[in-house]
Structure formats: C-alpha cells, structure tokens
Novice: 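The structure is given below, and queries will be raised subsequently.
Predicted model only: the values in this text are computed from it and were never measured. FYI, side chains are in, hydrogens and waters are out, and symmetry mates aren't considered; it's all heavy atoms of this structure.
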Amino acid sequence: MDRRTFLTSVAAGTVAFTGTSLWPNFAAAQAPAVDGVPKGLVSNTFGPLSGALLLPGAWKPYPKAGDPKWSTLPQQIREALIARGDAVNSSPWPEMLATDELEFTRNGNRTRFETISFGRRNRLGDLVLAECIANTGKYLDQIANGVWLICEESFWGVPAHLGAQKAGVGLADEAEPIIELFGAETSATVGWVAYLLEQQLNTVSPRIVERIHMEAKRRILDPYFSRNDFGWMGLNGKPHSLNNWNPWINSNILTANLLLEKDPQRRQAMVTKICHSVDEFLADYSPDAGCEEGPGYWARSAGSFFDYCSTLASAHAGQGTAVMQHPFTRAMGHYICNVHIAGDYYVNYGDAHPHDVPPPDLTYRFGRATGDDMLAQFGAFDAKEHGTSSKGAALSRAIVTDRGGGASLSRTLARVMVADEISVAPAHDALPRDAWYPHLGLMTARQTEGSASGFYFASQAASNGRSHSHNDSGSFILFHNGEPIFIDVGPEAYTAKTFSKDRYTLWPMQSAFHNLPTIGGVMQHDGASYRATDLHYESTDTQAVFRANLASAYPKEAGARRWTRTLTLDRAKAVVAISEDFVLDKPVDVMLSLMTAVEPVVHSEGVMIGRTLLSLPSELKATVEKI
C-alpha cells in the first residue's frame, strides 16, 4: 500500500488507542545537569592570559620529524603508519579537473570532487606521518608533490560551499578567497607539514614551506583577520544559529595561526577574535548541553570545541584548562555517553547516522580533560575495536579516520600520541540508564542500567528548524537487546538538494518516513515554530515515561487540536507501550508510520518484527511497505 494511503479512518473527534486512564500524572521531571550556557566562557578564560601565549616558534605541541620520541610510539602504531605511507608513496596523485568541480552545479553530485580533494589530503597525511616515523627522506619527494599540488588548487574547499563567494557556485573565484570547512582544515594540515618537516623539506626546496606560508595567509588567515561577514563566525551583528561549522573551522584556523603566523601582535589579535567567535557558538548551544545536530555531528561540534580549547590551553603553556573543567563543557562531552545505545548504535535524529561512532581517542581525551570517568573509560573501551588499541585492518583505518571516514592530521597527531596511554587506561562501556535534555526535548531510557539487554527507547521533540533537522519532532526509536526495532532512517548521501530550498521534498526528511502520524494527508512542517510541546519525562527504577503534544509540529491544515503521545517503558514487565490520544477538528484518515530495519510479518496477534511482537488495538490495521 502506498505511504500516502492511510491505514484507518477516525470515526469521531477523539480517539485513544490505549486510553489516557493508564497514564497517571507524574511529578516534575528530574533537573538537568546544567541549565544555561556560560556567557563569554572562552574569552573570559583566555583574555586575561594573553601575556602567556607562547611566541611564534616557542609552541611545540608535538615532536618534530627526527625527534627520537617518534620511536617511542607503540610498535603496532609505527608499523601501521609506515605501511600506510608505503601504500601511497609510489602511486600517482589524483588529478583535479574543472569539470569535477562543476559537477555540483551540473548534476548536484558532490561526492566525486570531494573524493579527489579529501584523498589528496589523506594521502599527504599518511606520507607525513610515515616520514616522521622513518626520518630517512624516503617520503619527502611525494610530500613535496602533495603540498605543491594542494597549493596549486584554485580552492581549498569543496564546490558545495562556493555559495559564499559573490560569484556563486560553479568554479572558484580566486579573487575572492572564502573560508569554509575544508579550506580551514587544509590550512591546519599544511601548517602541520611545515611544523613537522620544515628542515627536511628545505633539502628538497626552500620554496615549499615558503609556499605553505603564502597560501595559508592569502586564502585563510588574511580573510579571517579582515572579514566578519562569514555567517558561521557569528560576528556580523546579525541573529544567528551557529552549528558545527563554527568550532570546526575555528579550531583549524587557530592551529594554522599558531603554527604559521610570525607577527606576535597579529597572532594574538587572531586568537582574541577566534575566542569571540567560539563564544558566539556556545551562546547558540542548547542550554542543557545536548547536541541538536545529533551524535554524528558531536565529534565536530562539542568535539571540535574541545579541540579548540585544548589547543589554546597548550599554546598558553598549559594555562586555561578551567574552560574544559567547566560543568557545561563536561556536559557537552558526556552527551555522547547518554546517546549510546549499544555496540555501534547511537540515538540518531536529523542528519545523523546510527553508526556514526565517535573517535575513541577523542572521547577518551575529552573525558580525561573534563574529569568525566565514564566518558574517558568509554573512549578506552571503544578504542579496542574502533581505535588505536585495535588490530590489523581495523587499526589501519582507525589510526587516521574521523567521522564519515575523513582524515584530519590534527586529530591523527593527537590520536597517535595518546595511543600508548589509552591502551592501558581503565575501559568500560557507556550504558547509562536514563538521560533527559529538556531544552532539546531529547530523552533516552534503557531497561537495565549498564546492560544492552532488554528494551531501549529514545525520543526527541526538538524544533523542526534546528541545524540539520528533519521534520521529526516527537519521533522515537526502539531497540531490543541492542538491535533495532523502530528506527530513524537518517539522511541520504548529500547532494545539491540536501541543503537547498528543496530539502524537505526528500523523503528521508519528511515526517511520514519517521515514526509519526500523518493526519488527513498532512505531514509535519519545517521551521523553528514547528515542534512538539508540553514535554514531560519521568524515570524511576520501575518505569520511564515520556509525553509530548505533537499537534504544534503540524500546520493548521492537519486540524490537530491536540495529539498527545505517551511512551512508557515498564522495566519490570519488559513492555513498551505507545499511546496516541488526540483531538481533531474533523474526522479524517490517520496513518501511523513505523519505520523498521527488519521486514515485519503481519498476523492475527499483531506484527512480528524480528522476535518482538507489536500488539495493535482493533482500531488499527497494519500493512507493510518496503522501501
């Protein structure tokens, strides 16, 4: 049956699938760990420390190539890095054509160009780390080739982000350098190359490191110093809602500035400006410290904020760590524990994927710096499968890769330097019983604390206008024994449509393809004013209950005066109950979508999804549509 064909008709104004009398009024929900963003946290921490900023050349965060400390890395790490360098040392560099860059404009494809661009940078990182380990000159020519190719590129970013230039998308206008995610990250990458290998690269040609300084200054450092109008900065005086772009870009530009800027006064001025920009990001963060973009973006939202703060503290000779020990920063990090379901599964919503496993060393370092034992132990635990404590092919992938398979030389350097420590650190899985983020409208509950056995459910009732949002306010997911029953599908591969005016014509973004009702053919609407209201969460040793009124997430055409959804986990009986109690303006057909990853089997007793039975009241008729 087509998804737009409904499963049942509503006979009268009020229909309750299970009856409201089953749901008593609970006491007020538990208080959140934090409630409010600390204003000016970064600037107020580092502003008074300006005199402690290490001078150019005095900041030495990692050993340079030739330093014997590289030989003290664990043997398996050194062998894996050499193997990665050897694998790319003799093959040709991928070419980058104008027509590759034009594909985004011509057909919406962004993957082909990004594969070339990211591949060049990943390969350069592999060669640099191999040379740091070997220190024989074996990889220097190819490192020089990689740096030169990247410096010859018209644009260090990706075509999907060219809308920020006055010429618009298409080919890059070299006369107007713009700063976006991957150009900023490239500036940090080449900054590390110059820092680690300047002496060795000068034996190939002194022009190489000179070119790094010139291109990073022209493309990134000068535009950042002189402009305030990039929206991700939050410095143009306009209302904003900043997302992961801000800390991701700022953390990389901070690194490039510290490594490449030779003028001490300008270097300090850049640090001050970056601090103000990052404070604007914090001001937009959810007051309960939840990541509105979902766990897949946590590594580049809260995680990049941590990168920024730890880098800045290092450049102030270890001063300023109070910013990482602040309760709000600690809560930002702990979020990833609270949305961990089991194994590789995380509570995904919006553009997050369910298997966006965060870098284990990042969670470990974040937890260690903030004094969060659960977070640190979770990172050490996860590193045994997904990080530097793993073996063979898993180690080769994990040693350099970050979210989405991308590689960041900044992250890789931090990762390999902590590999020995994380391998012997206390390790334990993160399986907290409950979590509640009232501002984000996000809750999680599992049947038994510390165990993946039994039921686990989560729901989010945030605004449909948040960053990377889908029209999914009030949707939920359900797992049993660590395996999915009802799921959030997540996004498709990003194309030109994904972040365009046509975003919500894509089926994964629509409420009919989330675990939500469609009322008289009307789905939820996008926009900040559309979200569930009257949120209530209560959890005890015996049960967890979440209630929300979904009506306000729908446009007036739906005619929903009230739609109260109640999700209850009975921990003792191992039962999850879903109640839909609603009042409509008029009788219309209603469809309740339930998305599963396992093909359901409909029979007389209900619907079997794997080994779990969904019992339905007589008012509902179940049909299955395979997508």
Novice: Is there a donor-acceptor contact under 3.5 Å from the side chain of T72 to the main chain of K69?
Specialist: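 Yes, T72 side chain to K69 backbone: donor-acceptor pair under 3.5 Å.
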Novice: Please confirm whether F457 and F476 have ring centers closer than 6.0 angstrom.
Specialist: no
Novice: Counting distance only, does the side-chain N/O of Y537 pair as donor-acceptor with the main-chain N or O of T444 below 3.5 Å?
Specialist: yes
Novice: Does a salt bridge link D434 with R446, judged by any charged N lying under 4.0 Å from a carboxylate O?
Specialist: no
Novice: For residues W232 and H161, establish whether the separation of their ring centroids is below 6.0 Å.
Specialist: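 No, ring centres 6.0 Å or more apart.
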Novice: Nearest 0.5 angstrom please: Q268 CD to L53 CG, how far?
Specialist: 5.0 Å
Novice: Using ring centroids (six-membered ring only for Trp), state whether F378 and H334 fall under 6.0 Å.
Specialist: no
Novice: Working note: E185 + R121, criterion side-chain contact (heavy atoms from CB on, under 4.5 Å); need CA distance, chi angles, decisive distance, verdict.
Specialist: CA-CA 10 Å; E185 188 158 81; R121 287 145 180 82; over 6 Å; no
Novice: Taking NZ, NE, NH1 and NH2 as the nitrogens, is one of them in D279 or K39 under 4.0 Å from a carboxylate oxygen of the other?
Specialist: no
Novice: When you measure from the side chain of N515 to the backbone of M595, do you find a donor-acceptor pair of N or O atoms at a distance under 3.5 Å?
Specialist: yes
Novice: Return a table of donor-acceptor pairs under 3.5 angstrom between the side chains of residues 338-347 and protein atoms on other chains or two or more places apart.
Specialist:
residue: N338; atom: ND2; partner: Y437; partner atom: OH; Å: 2.8
residue: H340; atom: ND1; partner: A430; partner atom: O; Å: 2.7
residue: H340; atom: NE2; partner: G343; partner atom: O; Å: 2.9
residue: D344; atom: OD1; partner: H386; partner atom: NE2; Å: 2.6

Novice: Quick check against the 3.5 Å criterion: does D429 have a side-chain atom that pairs as donor or acceptor with the backbone of L431?
Specialist: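 No, D429 side chain to L431 backbone: no donor-acceptor pair under 3.5 Å.
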Novice: Verify, without hydrogens or angle tests, whether W156 (side chain) and I150 (backbone) share a donor-acceptor contact under 3.5 angstrom.
Specialist: yes
Novice: Do R411 and D307 sit within salt-bridge range, that is, some charged N less than 4.0 Å from a carboxylate O?
Specialist: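 Yes, R411 and D307 are salt-bridged.
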Novice: Rounded to the nearest 0.5 Å, how far does CD of E385 lie from NZ of K391?
Specialist: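 Here the interatomic distance stands at 14.0 Å.
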Novice: Is there a donor-acceptor pair closer than 3.5 Å between any side-chain N or O of S187 and the backbone N or O of I253?
Specialist: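 Answer holds: no.
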Novice: Does the side chain of Y139 pick up a donor-acceptor pair with the side chain of D86 at under 3.5 Å?
Specialist: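 The answer is yes; a qualifying pair exists.
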Novice: Can you tell me if S396 uses its side chain to pair, donor with acceptor, with the backbone of A393 under 3.5 Å?
Specialist: no
Novice: Consider ring pair (Phe, Tyr, Trp, His ring centres under 6.0 Å). Of F305, Y308, F182, which one does W248 pass it with?
Specialist: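 It is F182, the one option of F305, Y308, F182 that forms the ring pair (Phe, Tyr, Trp, His ring centres under 6.0 Å) with W248.
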Novice: Under the rule for salt bridge (charged side-chain N to carboxylate O under 4.0 Å, His left out), what residues qualify as partners of D382, not counting sequence neighbours?
Specialist: none
Novice: Using 0.5 Å steps for rounding, measure from the CG atom of N89 to the CD atom of Q142.
Specialist: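 The CG atom of N89 sits 5.5 Å away from the CD atom of Q142.
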Novice: How about S286 and D288: does a side-chain donor come under 3.5 Å of a side-chain acceptor?
Specialist: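 Yes, because at least one side-chain N or O of S286 sits under 3.5 Å from a partner of the opposite role on D288.
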Novice: Nearest 0.5 Å, what's the OG1-NE2 distance between T498 and H468?
Specialist: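 These two atoms lie 10.5 Å from each other.
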Novice: Determine, step by step, whether S314 and W59 satisfy the side-chain hydrogen bond (donor to acceptor under 3.5 Å, both in side chains) criterion, reporting the C-alpha distance in whole Å, the side-chain angles of both residues, the deciding distance to 0.1 Å, and the verdict.
Specialist: CA-CA 8 Å; S314 171; W59 182 50; 2.9 Å; yes
Novice: S390 side chain to K384 main-chain N or O, any donor-acceptor pair under 3.5 Å?
Specialist: no
Novice: Step through it carefully: locate the ring centre of F455, locate the ring centre of H480, and say whether they are under 6.0 Å apart.
Specialist: yes
Novice: Closer than 4.0 angstrom, basic N to acidic O: yes or no for K64 and E198?
Specialist: no
Novice: Run the side-chain hydrogen bond (donor to acceptor under 3.5 Å, both in side chains) check on R571 and S539 step by step: do they pass?
Specialist: CA-CA 10 Å; R571 290 188 163 108; S539 181; 3.1 Å; yes
Novice: Nearest 0.5 Å, what's the SG-CH2 distance between C132 and W192?
Specialist: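 Here the interatomic distance stands at 11.0 Å.
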Novice: Without hydrogens or angle criteria, can the side chains of S301 and N244 be said to hold a donor-acceptor pair below 3.5 Å?
Specialist: no
Novice: Out of curiosity, D126 CG to I143 CD1, how far, rounded to the nearest 0.5 Å?
Specialist: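 So the CG of D126 and the CD1 of I143 are separated by 10.5 Å.
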Novice: Going by atom types alone, do H439 and D35 pair a side-chain donor with an acceptor below 3.5 Å?
Specialist: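 There is such a pair between these side chains.
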Novice: Whether the S277 and N250 side chains hold a donor-acceptor pair (N or O, under 3.5 Å, no angle test) is what I'd like checked.
Specialist: yes
Novice: With a 3.5 Å cut-off and no angle check, do the side chains of E421 and Y364 form a donor-acceptor pair?
Specialist: yes
